[in-house]
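I have placed the structure first, in the form of structure tokens, so that the comments after it can refer back to it.
In what follows, chains are A, B, ... by sequence order, proteins preceding strands, each numbered from 1. Being a predicted model, the structure only gives us computed values, none of them experimental.
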Amino acid sequence: MSGAPFLATEHWWDLRDLSNISREILEFLDRVGPDWLAYVVSPLIGFVAAFLLFVLPSQLFVGVYGERRLIGRMQSRLGPNRVGKFGLLQPIADAIKLIQKEAITPRGADKWVMWTAPVVFVAPAVLVWAVIPFGPNMVIADIPVGLVYFLAITALPVLAAFMAGWSGNNKYSLFGAMRVVAMAISYEVALVLGLLGVVLFTSTMSLQAIVEWQREHDIWLVFLQPLAFVIYFISASAELNRTPTDIAEAESEIVAGYLTEYSGMKWGLFYGMDIGYALAAAAFGSTVFLGGWSLFGLEEWVPPWLILVAKTHLFYFVFIWTRGTLPRLRIDQLMALAWKYMLPLAAINLLVVAAERLWWHEAGLGDGIVYLFAAANIALALLLVVGWARVLGYRPERVPTRPRLVKHVGGYVAPGAETGGGR
Amino acid sequence: MTEIRSEPFVVNIGPQHPSTHGVFRVKVTVDGERIVDAEMVMGYLHRSIEKLAEERTYTQNIPFTDRTDYLSSMSNNLGYCLAVEKLAGIEVPPRGNAIRVIMAELQRLASHCMAIGAFANDTGAWQTPVMWTFREREKILDLFEMTSGARLTCNYMRIGGVAFDLPKEFEPACRKLLATFPSFIDELHGLLSENEIFIARTRGIAVITPEQAINASLSGPMLRGSGVAWDIRKADPYCGYEQYDFDIPVGYNGDSYDRFIVRLEEMRQSVRIIEQALDGLPGGPYRTEVPLALRPPKGEAYARVEGPRGELGYYVVSDGGPAPFRFHIRPPSFINLSLLKEMTVGGTVADAIVALGSVDIVVGEIDR
Amino acid sequence: MIEGAGPVAAFWGLSALTLLAAGGVVVSRNLFHAVLFLIVVFLGIAGFFLLLSADFLAMAQVIIYVGAIAVLILFAIVLTPRASRDNAETRMAPVALVAGVAVAGLLIPAILDAEWRTLSSAPALPVSDLGRELLGVWVLPFQLASVLLTAALVGAVVLVRSPREEREEIDEEERR
Amino acid sequence: MSVTLEHFLTVSTLLFAIGLFVALSKRNAVAVLMGVELMLNASNLALVAFARLAETSLAITGHVFVVFVITVAAAEVAVALALAVAVYRNRETVDVDKVTSLRA
């Protein structure tokens with residue numbers, strides 16, 4: 001099935017594969033301009049296409065508008081519907097409002113660092129999209145280390161958050177900065193180990209090859225590697241500071257965390273790019289775990305990049321869902337979760353996958369064995385997710401969720417004497 | 001080897017902070033994330049209501065009582081009117097008492113909705129539980145607007161009874177509310193009380209032992225959360241509470257979680273009381289006529305009411321003149337707050353915010 | 001030998017960026033700015049690795065140096081609040097200058113006039129070779145490195161744990 | 001114009017010299033550490049340059065060495081910073097000049 005770019009047809013209007021159009025443009029440029037022009041223009045086309053077609057609309061409309069509408073519906077209120085038809089112009093209205101707002105520099109703040117922080121925060125958000133394949137030959141840079149590239153890029157905004165928090169010369173933002181960094185590092189370790197499980201199976205780190213592998217074996221890696229998917233989801237939501245792990249900007253505790261001192265478009269950049277990273281993590285997650293632009297053969301007819309966009313928004317919906325419902329964990333609980341729970345699970349997952357892979361290749365079994373591995377891994381995942389807490393000695397004590405009902409006044413029961421009620 | 005403590009620095013959970021439920025400041029000395037010392041700074045909302053009341057007649061003071069605890073104006077009105085009636089020896093007709101009970105219990109539902117929503121907000125369940133509780137609270141405020149004309153500061157009760165009779169459409173609307181409220185409480189119960197993260201964030205936080213609670217004279221959900229079964233409506237019944245059959249919810253180990261489930265259960269009990277009061281609503285007058293320039297005999301009186309936050313007391317001294325000689329309010333949240341230092345020291349900043357949320361303070365009442 | 005307009009321009013750009021950032025580390029008066037310049041140096045080095053088509057190393061460099069070590073240094077600065085953060089030089093600065101210039105002065109002429117046996121075009125080294133090599137010939141140093149990392153980890157924790165935390169641990173054991 | 005091995009080695013040496021200067025001259029222990037990091041990075045650059053451009057059959061060994069240098073550097077940074085914080089805890093300063101007495 002892979003090999004020749006099966007969708008690359010000669011006529012440019014075939015929208016199923018946008019590389020036809022870019023190929024036409026490049027050929028035209030070769031005929032017209034000097035030879036280095038095509039070399040310079042091709043990445044530009046890639047980025048402009050990726051940004052205009054996927055990032056900007058999905059970030060603006062799904063991110064700003066969709067999220068607020070959805071969360072509104074979850075909270076039995078309407079969400080923005082005033083600006084424009086159904087409130088669709090709300091993101092643009094927000095942007096305009098933020099642009100003309102004054103960006104204040106507090107006294108005693110470290111001016112240089114404070115204003116480079118948004119730049120350092122925004123740049124990686126665009127770079128992340130260079131590696132994600134939108135179609136059979138629609139990827140800006142299919143480098144052999146795509147997976148590690150994503151991990152490297154997601155390490156940069158953590159630094160920008162620390163710069164923002166540190167330079168704001170404000171106690172709350174210092175709290176926020178320290179929390180962001182401590183959490184991001186501990187979850188990155190679990191993330192790297194979790195993704196290694198995936199690489200072991202596909203024996204390649206290039207994202208395009210991972211998608212091809214999933215198409216060849218007709219199985220999504222989420223079934224083959226459920227543990228890695230669970231670890232990826234929790235680590236991604238921790239890296240992005242989304243509830244239930246949004247302790248960096250815990251509104252109720254440290255005002256706005258590292259963003260306390262920011263206002264105007266500077267804050268807007270942070271807010272917008274938060275959504276950008278969430279979408280990038282969703283796109284990466286759906287590429288690696290949910291089969292990227294392939295849908296069991298459907299990608300011949302439906303344009304592959306539409307499939308990827310749909311999966312990304314589905315993934316992103318789960319982020320919104322958790323944000324709408326779950327309360328926030330405390331910093332030490334999060335740390336304990338990362339080091340005592342996620343890391344051991346990732347390590348065990350790695351061992352199991354290595355054993356499976358070795359057995360698969362030494363014994364030379366056919367490709368059908370993949371489904372057996374999937375079943376085994378899912379069973380293992382369920383067992384570990386539930387059992388590991390018990391191994392750590394956490395016994396969920398029976399929490400009386402209903403108070404005792406007493407008819408008459410007077411007297412008191414010493415605590416712990418009698419735990420009535422039940423779960 | 002001289003050991004230098006990593007120097008703690010003072011953080012202001014300041015007057016302007018998203019989760020201090022009003023203008024209220026806690027100077028927290030923090031070592032890393034752990035709190036070493038917490039000192040409360042209050043008085044930002046002091047309007048010297050008690051002094052102002054001394055220049056106005058007894059009836060003119062009623063609007064002041066709404067504005068001390070703006071989340072439970074009905075209970076405050078009730079407290080003040082009971083004190084003056086005890087002072088002047090005025091009888092309240094049975095219909096007036098029944099309406100007063102209905103209004104006080106409806107006010108408890110609305111205030112607890114606010115308390116539970118804000119508490120869930122502090123633990124981080126951002127806006128979802130609050131919006132649900134506000135949706136229900138709106139229905140109760142509509143009932144208040146229907147009867148007293150105002151949603152928040154109702155000024156509905158008068159000395160000797162209530163200002164107006166219940167309108168015709170009050171009964172069906174109230175019945176409809178009482179029918180849907182228990183299912184809403186179960187919905188909240190499902191969303192929060194069995195939520196692992198919520199339990200992890202509130203269990204074992206700011207624990208108060210029964211002895212501590214009694215010594216600090218706490219009252220209301222704070223006291224009942226620590227396992228002490230004490231409720232003014234049962235201990236010193238007023239307005240005919242002894243006729244109604246209801247229970248007092250009592251917690252187990254006095255942590256924030258127990259206070260939360262006590263408030264949730266209290267809402268169920270209030271619904272029971274309102275149903276019984278509505279069923280047996282007597283006819284007849286809703287108020288005994290009292291002269292506007294009431295001059296109660298010289299003396300003093302203290303009446304107490306079970307407000308949503310605890311024992312709400314009114315102490316009125318009369319020197320025979322038209323205006324009270326001395327007018328003092330016992331604010332439950334001010335006294336419930338006295339243990340804040342013991343509750344927060346040793347925990348982290350996040351726990352302090354949860355502890356403060358579980359106390360359910362109203363700054364208007366603290367600063368008066 | 002790297003030809004082509006793109007890579008050569010990239011080389012000169014990157015070297016300018018890296019050396020200027022290194023200068024920034026020396027010159028900047030605020031320690032926090034020095035760390036940020038250091039991070040720019042790390043990114044410049046990662047760019048060089050990409051230029052020399054060692055892409056896995058470039059990514060590893062960004063993850064480990066920028067993601068972890070730079071943040072570790074930032075944490076060290078935050079944890080020493082009353083120490084002076086003015087990035088000042090000691091009295092030994094002139095001697096250090098002489099040492100630096102001497103090293104550069106000796107090495108660079110030697111590099112320039114030695115004729116190196118260089119390849120005109122060498123194939124890029126894929127990541128799988130690096131993995132096979134690491135676990136093949138170099139498996140012993142690989143294990144030693146992991147032992148070293150664990151030792152460093154434990155050592156760092158023991159060094160930094162203040163007596164107060166130890167007392168807390170002891171109380172917890174007694175209470176259990 | 002083409003870029004040869006000499007170019008890379010010169011840049012690496014310059015970076016090494018700057019790192020040496022920073023390590024020797026800075027007063028704050030954390031800054032000294034940054035100097036050491038610069039020197040290690042300079043050596044990494046030279047290793048990769050040799051692995052890519054020098055005519056050798058053992059090209060991959062350059063990359064292996066860079067991986068080992070990175071791991072050792074990480075371990076070294078962790079221990080050195082732990083030392084700096086421990087010294088700070090007792091002397092309330094991390095200035096290399098002031099921390100001279102070996103008495104406990």
Quick check: closest heavy atoms across [X] and [Y], and the distance to 0.1 Å?
X       : Y       : answer
C:Tyr65 : D:Ala73 : OH-CB, 3.4 Å
C:Ala70 : C:Val35 : O-CG1, 4.3 Å
C:Thr90 : D:Leu24 : OG1-O, 4.0 Å

What's the spacing between C:Ile69 CD1 and C:Ile39 CD1 if we round to 0.5 Å? 11.5 Å
Which residue out of [options] racks up the most heavy-atom pairs below 4.5 Å with chain D?
options                              : result
C:Met92, C:Gln61, C:Arg132           : C:Gln61
C:Val103, C:Leu51, C:Thr80, C:Val98  : C:Thr80
C:Ser146, C:Ser15, C:Ala104, C:Ala34 : C:Ala34
C:Leu14, C:Leu79, C:Leu130, C:Leu107 : C:Leu130

Heavy atoms only, distances under 4.5 angstrom: which of [options] has the most pairs with chain C? Name it, please.
options                           : value
D:Ala82, D:Gly19, D:Ala59         : D:Ala82
D:Leu20, D:Ile60, D:Val11         : D:Ile60
D:Ile70, D:Val67, D:Val85         : D:Ile70
D:Leu38, D:Leu5, D:Asn41          : D:Asn41
D:Thr4, D:Thr13, D:Val64, D:Thr10 : D:Val64

Test side chain to side chain donor-acceptor pair (under 3.5 Å) applied to D:Glu37 - qualifying residues, sequence neighbours left out: none
Side chain / backbone / both / neither for [X] at chain D, heavy atoms under 4.5 Å:
X        : answer
C:Ile73  : both
C:Ala93  : both
C:Leu38  : side chain
C:Val8   : both
C:Ala114 : backbone
C:Ile64  : side chain

Any ion pair linking C:Glu89 and D:Lys26 (charged N to carboxylate O, less than 4.0 Å)? yes
Residue pairs fulfilling side chain to side chain donor-acceptor pair (under 3.5 Å) with at least one residue in residues 33-50 of chain C, sequence neighbours excluded: A:Asp110-C:His33
Does any part of the side chain of C:Leu74, heavy atoms only, come nearer than 4.5 Å to the side chain of C:Phe32, both counted from C-beta? yes
Side chain to side chain, D:Thr61 and C:Trp138, heavy atoms closer than 4.5 Å: yes
[X] versus chain C, heavy atoms under 4.5 Å apart: side chain, backbone, both or neither?
X       : result
D:Ala49 : both
D:Phe68 : side chain
D:Val48 : both
D:Phe8  : both

Below 6.0 angstrom between ring centroids: does that apply to C:Phe56 and C:Phe49? no
C:Arg91 atom CZ, neighbour heavy-atom count above 12 within 6.0 Å: no
CZ (C:Phe75) with more than 12 external heavy atoms under 6.0 Å: yes
